[in-house]
Enquirer: 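So that we are looking at the same thing, I have put the structure below in structure tokens.
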Amino acid sequence: MTATRVRFAPSPTGYFHVGSARSALFNWFVARQADDGVFLLRIEDTDADRNREEWVDGIVEAMEWLGLHADEGPFRQSDNAPAHQAAIDQLFAGGYLYFCDCTGDAVQSRKGDNKTPGYDGFCRDRGLERSATTGIRFKTPLEGGTTVRDLIRGDVEFSHSVIDDFIIAKSSGAVLFALANVVDDRNDRITHVIRGEEHLPNTPKQILLWEALNAVTGVATPTPVYAHLPLLVNEQRKKLSKRKDPVATEQYRDEGYLPEAFVNYLALLGWSPRGDEEKVPVAQLIAEFRLEDVSHSPAFFDVKKLQHLNGEYIREMPLEQFIAHSMPWVSPDPAAWSPSALSLPWRPEQFDYERYATIAPLVQERISLMSEIAPMIDFLFLPEPPMDAEAFAKSVAKDETARVILRELAAELSTTSWDRDTLHACVVGVGERHEWNLRKTQAPVRCAVTGKLVGPPLFESMELLGRDETIRRIVDAAERAS
RNA sequence: GGUCCCAUCGUCUAGUGGCCUAGGACACCACCCUCUCAAGGUGGAUGCACGGGUUCGAAUCCCGUUGGGACUGCCA
């Protein structure tokens, strides 16, 4: 019984695509639930002009954030060039390959309106020698077919008559994905290839290559088990596009999604845990996950549901943990990680940790993203509350009674004791004199003190702000409205 | 165009021939709670794409239709 060995093999493109994250996660599940399972990371960087080394760091970083640690790697496919070249030599010796100098235009004009897709096999028997203009093609068998055994979809049959003699190496000598991927998977003794559905049409070609390699090397490595995951799509039911859709995992991290919530949500895309509960800890996801149970149809990446789940994860955190985890979004340590493009309403020295820790429990139950914290409590740290003009007009300026209430309240506040219950009673009392209920009375007060009509509970906020500043803001608001 | 994949509420899904007058979750609506906003609670609306079979019985099996998608690169 050979140990399970899976790999995640992204090509670096600048950020960590959520679809890649989902593929990585499902591979990781399979590795983690097997005894001695290995999760291997291989960066497929054979397309030299589209790769940069810092992209690799980005992938590793994002994976670590999600808790997907590679047992082996990251390897660079480019480091395996000698093995790829050796494979080409052996396949040539075995008669599986040929040189081809056809240009795309030439092929096109020969084919005319012939509907068979792909290359027409023109150079197959020309016996060309290698030159600066020759790529290398694989001689796909003319007869028969190849069956892909897919754990998710069952057997999928491809007739060889519709598989063209595909290119495995460019005229520059660079080896292409089709071959490099297979050579590396063989060398890495990969047992399960788990990847996106868009690779399904590649698979028969890769099986053909794999078997040819077995024949030619005398090393009969069993072909891996395949599992092609359903695509992640947008509202238009199209494959997630990097241009139009928010697909960068890093962006979700920066907005304040928790890795646990993100992993949990990703697992729900194309699969579901037993029972009715969808919020499931990662250990249970690993235990219950089965490739055979993955759904066949594309899944829409629903940010709303992700956000809801994130809120649940935030609310269940112990308070100390919540405060600690939220620091990068309220008072980032210059020496530590902080969300990119973060723009805090206050300057670092204006932030007051004690004050934040006091309001934190009230914030925790009101947010679903860490990035929502700062705008909710900016009034506690700024000398003036950022005033929402519309809210001010509606709650303070529009009604003379509101201003009267503010003035009376300010007067009363100067002598009352300073705790939330007294403040509460005080506001109720002033309102009653004008036949305003609390719901109505609190609006101008809230606006004067916090600058907004929504936010954390008012009386706790006032208590925290302190008597002098609270009165000052209330008087000031009444003045400005007159 | 060709090859392949797919088809249960708006969305993610449960469902593998009788437990289904189709369950859960997000979103939505109403009500309750309530100092605002959330959270929470209760209730509601909404779905097996269509047409044929097979069967005593079909969301579940078969065929077809329609619709959607992927691939069709000297990208991965």
Side-chain angles (χ1 to χ4, degrees), chain A residues 9-13 44-47 49-50 77 100 102-104 113-119 133-137 148 150 152-153 156-159 161-164 166-174 176-178 180-181 195-204 228 230-231 233 235-239 265 268-279 295-309 311-312 315 362-368 372 376 391 395 423-424 427-428 431 437-443 445-447 450 452-460:
Chain A
S11 59
T13 51
E44 306 236 332
D45 57 352
T46 51
D47 189 358
D49 20 294
R50 285 217 309 228
Q77 184 156 67
C100 167
C102 297
T103 62
D113 52 4
N114 178 351
K115 62 278 165 227
T116 310
Y119 185 61
T133 56
T134 52
I136 303 175
R137 291 186 184 274
V148 177
D150 189 289
I152 296 173
R153 281 153 222 285
V156 183
E157 317 220 353
F158 293 86
S159 166
S161 62
V162 297
I163 304 177
D164 69 340
F166 52 95
I167 291 271
I168 61 156
K170 301 206 248 187
S171 47
S172 68
L176 260 19
F177 163 79
N181 188 258
R195 66 212 322 189
E197 190 191 347
E198 69 269 26
H199 284 295
L200 188 51
N202 289 325
T203 308
H228 288 94
L231 249 26
V233 297
E235 294 101 314
Q236 285 77 239
R237 312 299 305 172
K238 295 264 172 52
K239 188 162 83 163
Y265 180 68
L268 260 24
L269 252 22
W271 180 78
S272 67
R274 301 176 202 293
D276 285 338
E277 185 57 51
E278 291 190 324
K279 182 171 163 296
S295 92
H296 299 186
S297 41
F300 170 60
F301 189 92
D302 185 354
V303 179
K304 286 230 182 78
K305 185 159 180 172
L306 202 210
Q307 188 166 334
H308 173 87
L309 236 200
E312 290 194 300
R315 268 173 263 124
L362 300 176
V363 170
Q364 183 180 6
E365 59 187 11
R366 285 176 168 71
I367 58 162
S368 54
E372 292 170 343
M376 189 177 285
S395 65
L423 294 169
H424 183 136
V427 172
V428 170
N437 60 20
L438 181 56
R439 183 187 191 83
K440 205 171 170 192
T441 313
Q442 61 88 35
V445 182
R446 177 183 294 278
C447 187
T450 72
K452 304 180 186 70
L453 287 177
V454 300
L458 178 60
F459 308 113
E460 282 85 346

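We name chains A, B, ... by the order of the sequence lines, and we start the count at 1 in each one.
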Enquirer: Should A:F301 and A:L306 be marked as a side chain to side chain contact (heavy atoms under 4.5 Å, CB included) after you check the CA-CA gap, both sets of side-chain angles, and the distance that decides it?
Expert: CA-CA 8 Å; A:F301 189 92; A:L306 202 210; 4.2 Å; yes
Enquirer: Give a yes/no answer on whether the side chain of A:K170 brings an N or O atom under 4.0 Å of OP1 or OP2 in B:rG73.
Expert: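 Negative; the distance criterion is not met.
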Enquirer: Say we look at B:rU54 and B:rU13: how far apart would their P atoms be, to the nearest angstrom?
Expert: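 Here B:rU54 and B:rU13 have their P atoms 34 Å from each other.
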Enquirer: In terms of the nearest nucleotide of RNA chain B, which residue is placed more toward the 5' end: A:S297 or A:P273?
Expert: A:S297
Enquirer: How close or far is atom P of B:rU3 from atom CG of A:D150, stated in whole angstroms?
Expert: 20 Å
Enquirer: For A:N437, does its backbone N or O pair with a side-chain atom of A:T441 as donor and acceptor, under 3.5 Å?
Expert: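 Answer holds: yes.
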Enquirer: Taking 4.0 Å as the cut-off, does a side-chain nitrogen or oxygen of A:R274 come that near to OP1 or OP2 on B:rG15?
Expert: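 Answer is no, no contact under 4.0 Å.
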Enquirer: Which one is paired to B:rG18, where only Watson-Crick or G-U wobble pairs with both distances under 3.5 angstrom count?
Expert: B:rC56
Enquirer: Assign A:E157 to base, sugar-phosphate, or nothing according to its heavy-atom contacts below 4.0 angstrom with the strands shown.
Expert: sugar-phosphate
Enquirer: For A:H228, does its backbone N or O pair with a side-chain atom of A:R153 as donor and acceptor, under 3.5 Å?
Expert: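 Yes, A:R153 side chain to A:H228 backbone: donor-acceptor pair under 3.5 Å.
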Enquirer: Any side-chain to backbone donor/acceptor pair from A:D150 onto A:V156? Under 3.5 Å, distance only.
Expert: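 Checked: no pair found.
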Enquirer: Using the C1' atoms only, state how far B:rG41 lies from B:rU46, rounded to an integer number of Å.
Expert: 22 Å
Enquirer: Would you indicate whether the side-chain heavy atoms of A:R195 and A:N181 approach each other to under 4.5 Å?
Expert: yes
Enquirer: Take the protein atom CD of A:Q364 and the nucleotide atom P of B:rG40, then report the distance between them rounded to whole Å.
Expert: 13 Å
Enquirer: Could you tell me whether A:S171 contacts a base, only the sugar-phosphate backbone, or nothing, with contacts defined as non-hydrogen atoms closer than 4.0 Å?
Expert: base
Enquirer: Rounding to an integer number of angstrom, what distance separates B:rA25 and B:rU65 when you compare their P atoms?
Expert: 39 Å
Enquirer: Please work out if A:F177 contacts a base, only the sugar-phosphate, or nothing of the nucleic acid, heavy-atom cut-off 4.0 Å.
Expert: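 Since a base atom lies under 4.0 Å of A:F177, the category is base.
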Enquirer: Counting side-chain heavy atoms from CB outward, which of B:rC5, B:rU13, B:rC6 is closest to A:H296?
Expert: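 Output: B:rC6.
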Enquirer: Using the P atom as the point on both nucleotides, what is the distance between B:rA58 and B:rG18, in whole Å?
Expert: 11 Å
Enquirer: Considering only the P atoms, how many Å lie between B:rG69 and B:rC56, rounded to the nearest integer?
Expert: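 Going atom to atom, P in each nucleotide, I get 41 Å.
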Enquirer: I need the minimum non-hydrogen distance between A:L269 and A:F300, along with the two atoms involved.
Expert: CD1-O, 3.9 Å
Enquirer: Which part of the nucleic acid, if any, lies within reach of A:K440 when heavy atoms closer than 4.0 Å are counted: base, sugar-phosphate only, or nothing?
Expert: nothing
Enquirer: Please name the nucleotide paired to B:rC35 by Watson-Crick or G-U wobble geometry with both distances under 3.5 Å, or report none.
Expert: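 WC or wobble partner does not exist here.
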Enquirer: How many whole angstroms separate atom CZ of A:R195 from atom C1' of B:rC71?
Expert: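 Roughly 13 Å, once rounded to whole Å.
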Enquirer: Starting from C1' on B:rG73, measure out to CG on A:N181 and report it in whole angstrom.
Expert: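 Value for this atom pair: 16 Å.
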Enquirer: Rounded to the nearest Å, what distance is computed from the CZ atom of residue A:R237 to the P atom of nucleotide B:rC5?
Expert: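 These atoms are roughly 19 Å apart.
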Enquirer: Contact class for A:T203 (heavy atom, under 4.0 Å): base, sugar-phosphate, or nothing?
Expert: nothing
Enquirer: Could you pick out which residue, A:L269 or A:I152, lies toward the 5' side of RNA chain B when each is mapped onto its nearest nucleotide?
Expert: A:I152
Enquirer: Has the side chain of A:Y265 got a donor or acceptor atom that lies under 3.5 Å from a matching backbone atom of A:Q307?
Expert: no
Enquirer: Suppose you measure atom C1' in B:rC61 against the same atom in B:rU55; what distance do you get, rounded to whole Å?
Expert: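 Looking at atom C1' only, B:rC61 and B:rU55 are 10 Å apart.
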Enquirer: So A:G196, base contact, sugar-phosphate only, or nothing? Heavy-atom distance under 4.0 Å.
Expert: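 Nothing: the residue A:G196, judged by heavy atoms under 4.0 Å, touches no strand.
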Enquirer: Name the closest nucleotide to the A:E198 side chain, picking from B:rC71, B:rC4, B:rC6.
Expert: B:rC71
Enquirer: CE/A:M376 to CZ/A:R366 distance, rounded to the nearest 0.5 angstrom?
Expert: 7.5 Å
Enquirer: Carefully, step by step, assess A:K238 and A:V233 under the rule side chain to side chain contact (heavy atoms under 4.5 Å, CB included).
Expert: CA-CA 5 Å; A:K238 295 264 172 52; A:V233 297; 5.8 Å; no
Enquirer: Output the rounded distance in Å from OH (A:Y119) to P (B:rU3).
Expert: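 Checked: the OH to P distance equals 23 Å.
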Enquirer: When rounded to the nearest Å, what value does the distance between C1' atoms of B:rA27 and B:rC12 take?
Expert: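 After rounding to an integer number of Å, I get 11 Å for this pair.
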Enquirer: Under 4.0 Å between any heavy atoms, over every strand shown, what does A:H199 touch: base, sugar-phosphate, or nothing? Just pick one.
Expert: base
Enquirer: Within the structure, does a side-chain N or O atom of A:S295 lie under 4.0 Å from either OP1 or OP2 of B:rU13?
Expert: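 Result: yes.
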Enquirer: List the atom of A:S297, the atom of A:P230, and the distance in Å for their closest heavy-atom pair.
Expert: O-CB, 3.2 Å
Enquirer: If I take atom CD in residue A:E197 and atom C1' in nucleotide B:rA7, what distance separates them, rounded to the nearest angstrom?
Expert: 12 Å
Enquirer: Is A:K238 near enough to B:rG69 that one of its side-chain N or O atoms lies under 4.0 angstrom from OP1 or OP2?
Expert: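 Looking at the OP1 and OP2 atoms of B:rG69, one of them is under 4.0 Å from a side-chain N or O of A:K238.
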Enquirer: Would you indicate what A:N202 reaches in the nucleic acid, counting non-hydrogen atoms under 4.0 angstrom: base, sugar-phosphate, or nothing?
Expert: base
Enquirer: Give none if B:rC50 has no partner; otherwise give the nucleotide forming a Watson-Crick or G-U wobble pair with it, both distances under 3.5 Å.
Expert: B:rG64
Enquirer: Could you run down nucleotides 21-39 of chain B 5' to 3' and tag each one B, S or - for protein heavy-atom contact under 4.0 Å?
Expert: --SBBSS-------BBBBS
Enquirer: What's the CZ-P distance between A:F158 and B:rG2, to the nearest Å?
Expert: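 For the pair A:F158 CZ and B:rG2 P, the rounded distance is 17 Å.
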Enquirer: Apply side chain to side chain contact (heavy atoms under 4.5 Å, CB included) to residues A:L438 and A:H424 and explain how you reach the verdict.
Expert: CA-CA 9 Å; A:L438 181 56; A:H424 183 136; 3.5 Å; yes
Enquirer: In whole Å, measure the gap between the P atoms of B:rU16 and B:rC75 for me.
Expert: 47 Å
Enquirer: When we call it a touch if two heavy atoms are under 4.0 Å apart, what does A:C102 touch: a base, just sugar-phosphate, or nothing?
Expert: base
Enquirer: Starting the side chain at C-beta, find the nucleotide from B:rA70, B:rA76, B:rC6 nearest to A:E44.
Expert: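 In terms of side-chain proximity for A:E44, the closest of B:rA70, B:rA76, B:rC6 is B:rA76.
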Enquirer: What is the base-pairing partner of B:rC4, counting Watson-Crick and G-U wobble geometry with both distances under 3.5 Å?
Expert: B:rG69
